[in-house]
Protein chains: 2
Amino acid sequence: MDFFNCISLRTAQGLVADALSVSPTGVEEVDLIQALGRVVAEDISAGSDLPPFSRSTVDGYAVLSRDTFGAGEGVPVMLAVVGEVLMGQSAEYSVVPGQAVVIPTGGMLPAGADAVVMLEYTECSDNETLLVLKPVAPGENVVVKGEDIKAGTVFITAGSKLTAAEIGALAACGIAKVKVFGRLTVGVISTGDEVVAVDVVPVGGQVRDINSYTLGAMLAETDCQVRYYGIIKDNYEKLRQAIIKAVTETKLVLVSGGSSVGARDHTVRVIEELGQQRVMFHGLAVKPGKPTIFGMIGQVPVFGLPGHPVAAMTVCQSLVIPAVKKMHGLRTGKAGIQVLAKLTRNIASAPGRDDFLRVRLVWREGEYLAEPVLGKSGLISVMTQADGIVRISAESSGLYAGDVVNVEVMREA
Amino acid sequence: MDFFNCISLRTAQGLVADALSVSPTGVEEVDLIQALGRVVAEDISAGSDLPPFSRSTVDGYAVLSRDTFGAGEGVPVMLAVVGEVLMGQSAEYSVVPGQAVVIPTGGMLPAGADAVVMLEYTECSDNETLLVLKPVAPGENVVVKGEDIKAGTVFITAGSKLTAAEIGALAACGIAKVKVFGRLTVGVISTGDEVVAVDVVPVGGQVRDINSYTLGAMLAETDCQVRYYGIIKDNYEKLRQAIIKAVTETKLVLVSGGSSVGARDHTVRVIEELGQQRVMFHGLAVKPGKPTIFGMIGQVPVFGLPGHPVAAMTVCQSLVIPAVKKMHGLRTGKAGIQVLAKLTRNIASAPGRDDFLRVRLVWREGEYLAEPVLGKSGLISVMTQADGIVRISAESSGLYAGDVVNVEVMREA
């Protein structure tokens with residue numbers, strides 16, 4: 001029996017990624033105002049130059065820079081003020097040598113001028129004669145037409161998750177609608193004879209359904225629509241019906257639990273029967289998270305996750321979320337936020353498996369300390385105290401206090 | 001004229017915080033399944049012990065630990081197997097010295113037993129006689145009733161923003177509904193004669209409205225409902241009407257621009273007239289972000305932000321977002337995610353003001369490099385490339401290449 005012929009996390013991630021298709025929900029067009037956090041479906045280029053005209057970055061006088069060469073406090077250059085550029089209006093002047101035009105920050109640079117002298121470096125007592133006290137270089141205090149974004153340049157690439165700044169860049173370029181990948185609908189199923197609903201008082205050895213909530217929340221944080229298929233008893237036919245419904249209505253399915261080998265057998269059998277092929281793996285060299293199953297039913301990936309809440313969350317984070325991101329079309333070159341931190345105590349780890357250690361981050365005297373959040377078998381209360389996760393690779397037999405480790409940050413303030 | 005008698009960011013943050021009330025939108029009760037990311041409004045304690053019974057953390061045999069003392073490979077202890085605990089059911093047995101009961105991971109520990117021997121350290125050929133090959137200590141492989149969360153213990157405090165793990169802890173405790181603070185509705189107004197809507201092609205010196213989009217997105221990311229009041233010309237009466245509407249319909253108002261001193265005067269005048277008191281400050285010693293205004297109209301804070309998009313975003317991040325978090329009831333003891341990074345070039349900064357430097361984070365050979373994202377007056381394209389912000393305090397006259405700096409992380413992958 002090769003049930004626990006476990007494969008490594010890296011191998012599992014590769015198998016999952018290869019099995020998935022990008023954006024099974026297709027592409028939709030959304031208004032820019034609704035586009036925050038959406039993943040763009042195509043490269044976006046500017047239709048025209050940004051800025052569309054050369055503009056001043058300061059309040060001052062538009063001039064020909066050559067006119068100012070040699071100017072100084074003791075040897076001011078004298079220019080004739082011939083007009084004023086008004087905010088938001090075309091510059092009607094054409095500046096010729098010996099002339100200057102009043103210009104506000106953001107104002108359009110008049111023809112002929114190639115620089116702006118800041119107000120602070122001028123004197124102008126009569127609105128007609130300007131004394132320039134400092135020279136300007138060509139282009140100084142000016143943003144040239146197209147300097148920000150040139151017409152035709154791709155400035156946002158397919159697979160970017162739009163940030164507030166990128167929304168601003170799209171607005172600047174007049175792009176009022178954006179093509180984005182559709183968001184996944186995912187199905188969550190809890191299993192186990194011992195599992196009862198949250199509003200039920202457990203009797204005997206029963207426990208409340210935690211995984212529907214934690215897994216649902218993690219998927220919601222990853223921009224999925226979550227559908228809940230309730231708690232299914234350890235019964236082959238009932239599980240089969242629930243999985244048929246879930247793979248019909250959603251694009252990715254999670255089945256957590258049950259805690260018995262028999263229940264896990266049910267999950268494997270249903271996936272293999274409905275998918276008409278063997279599951280791709282059963283058993284992951286990850287602690288916590290060993291009893292993990294993965295297979296495809298048609299185009300729908302189905303994950304069997306451990307029943308233990310901490311193990312289920314760990315596998316969801318390291319295996320399911322990357323799958324969701326790929327299906328969302330997200331370009332995944334950029335890793336999550338990592339911080340370096342000094343481990344506060346020794347941690348043993350069995351070689352041959354990836355261990356995921358939850359830690360609390362404490363900022364002290366200019367560095368982070370990573371305090372392992374310990375507790376028997378991942379108590380739930382303990383799990384809530386973690387700020388991040390340290391991965392102890394399969395090659396390592398543990399870490400020492402004082403070691404500097406990479407912490408993948410899970411939460412922000 | 002004390003217009004640009006600038007105050008420090010820290011002073012400004014203090015004035016704003018003191019002026020605000022927490023949760024002007026009150027408290028609401030939400031289903032646990034909808035509670036992710038909400039800020040809890042009261043301390044939450046467990047109604048009963050978690051786990052509600054002592055349970056095994058492994059597959060094995062429930063025993064009296066004393067019976068196993070001295071056991072070893074060569075000197076097994078022999079016990080009588082008297083039954084089996086089934087998953088999710090009460091343990092009907094009372095174990096007495098000399099006895100053992102089969103128990104699955106998560107199973108309820110039977111009365112009398114105080115430890116569990118793992119399957120791996122036993123032999124049992126006939127289902128009746130168990131050989132224990134290794135001793136267990138009292139409590140070994142057992143989570144005791146109430147060990148995770150004791151009845152009556154506060155395990156989530158008011159002001160927490162609920163994470164997936166906390167949602168799980170609430171589920172475990174049978175808390176199906178949660179009291180949370182209401183989310184703010186905020187109003188966004190753009191001003192400026194030169195500003196046109198995104199779908200308009202600018203002519204002359206016009207520019208498109210960027211701030212409604214960037215500020216709206218930043219507020220949406222901070223869990224606000226955003227209402228947009230459009231682009232208002234530099235006209236006192238029109239601005240007054242827009243602000244009256246916004247302060248009536250929302251709990252916090254942002255007015256960005258205009259770029260002229262005259263337009264800023266309008267904003268100050270409207271706030272002072274409607275609020276019947278002086279603005280609390282006008283001018284911030286922050287670069288970029290100097291022309292910032294703050295005042296109260298009744299209970300509604302009104303921020304006048306710079307017209308320049310990068311400056312408006314900087315002030316929104318450092319002044320408005322903290323205000324929103326306080327109004328959301330968020331306990332703000334925990335700072336945002338910071339990483340230490342090595343600056344890649346010298347950066348000059350004028351003493352006497354806080355400079356905010358946008359940087360790109362590059363992970364190289366086990367450390368982050370912070371590459372300043374430079375560009376004239378904060379080009380929009382450049383702004384989209386930043387991963388985080390370095391604050392150069394008012395006391396500093398700059399930073400050197402190789403300096404290790406704190407980067408406040410703005411975005412995740």
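Reminder, nothing fancy here: chain letters follow the sequence lines and each chain counts from 1. Side-chain atoms are counted along with the backbone in the values below, which use heavy atoms only and exclude waters and symmetry mates.
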Enquirer: Looking only at non-hydrogen atoms, find the nearest pair between A:Tyr213 and B:Ala171 and report the distance.
Expert: CD1-CB, 3.7 Å
Enquirer: Supply the atom-to-atom distance B:Leu86 CG to A:Glu194 CD, rounded to the nearest 0.5 angstrom.
Expert: 11.5 Å
Enquirer: At what distance, to the nearest 0.5 angstrom, does CG of B:Asp387 lie from OG1 of A:Thr163?
Expert: 10.0 Å
Enquirer: Which atom pair, heavy atoms only, marks the closest approach of A:Thr214 to B:Ala164?
Expert: CG2-O, 3.5 Å
Enquirer: Please look at B:Met218 and chain A and tell me whether the side chain, the backbone, both or neither of the residue comes under 4.5 angstrom of a heavy atom of that chain.
Expert: both
Enquirer: Hey, could you give me the OG1/NE2 distance between B:Thr57 and A:His308, rounded to the nearest 0.5 Å?
Expert: 8.5 Å
Enquirer: Between B:Lys177, B:Glu367, B:Glu221, which shows the greatest number of heavy-atom pairs under 4.5 Å with chain A?
Expert: B:Glu221
Enquirer: CG/A:Asp199 to CG/B:Asp31 distance, rounded to the nearest 0.5 angstrom?
Expert: 10.0 Å
Enquirer: Is chain B contacted by the side chain of A:Asn406, its backbone, both, or neither, given a heavy-atom distance below 4.5 Å?
Expert: side chain
Enquirer: Out of curiosity, A:Ile175 CD1 to B:Arg208 CZ, how far, rounded to the nearest 0.5 Å?
Expert: 8.5 Å
Enquirer: Look at B:Ser48, B:Ser212, B:Cys173, B:Pro202 and state which one has the largest set of heavy-atom pairs under 4.5 Å with chain A.
Expert: B:Cys173
Enquirer: Which heavy-atom pair separates A:Leu36 from B:Ala220 by the least distance, and what is that distance?
Expert: CD2-CB, 4.0 Å
Enquirer: Atom OH of B:Tyr368 and atom CG of A:Leu340: how far apart are they, to the nearest 0.5 Å?
Expert: 8.0 Å
Enquirer: Based on non-hydrogen pairs under 4.5 Å, which of B:Ser160, B:Gly205, B:Gly88 is most in contact with chain A?
Expert: B:Gly205
Enquirer: Looking at B:Met108, B:Arg55, B:Gln89, which makes the most heavy-atom pairs under 4.5 Å with chain A?
Expert: B:Gln89
Enquirer: Would you indicate whether B:Lys233, at its atom NZ, is surrounded by more than 12 heavy atoms from other residues, nucleotides or ligands within a distance under 6.0 Å?
Expert: yes
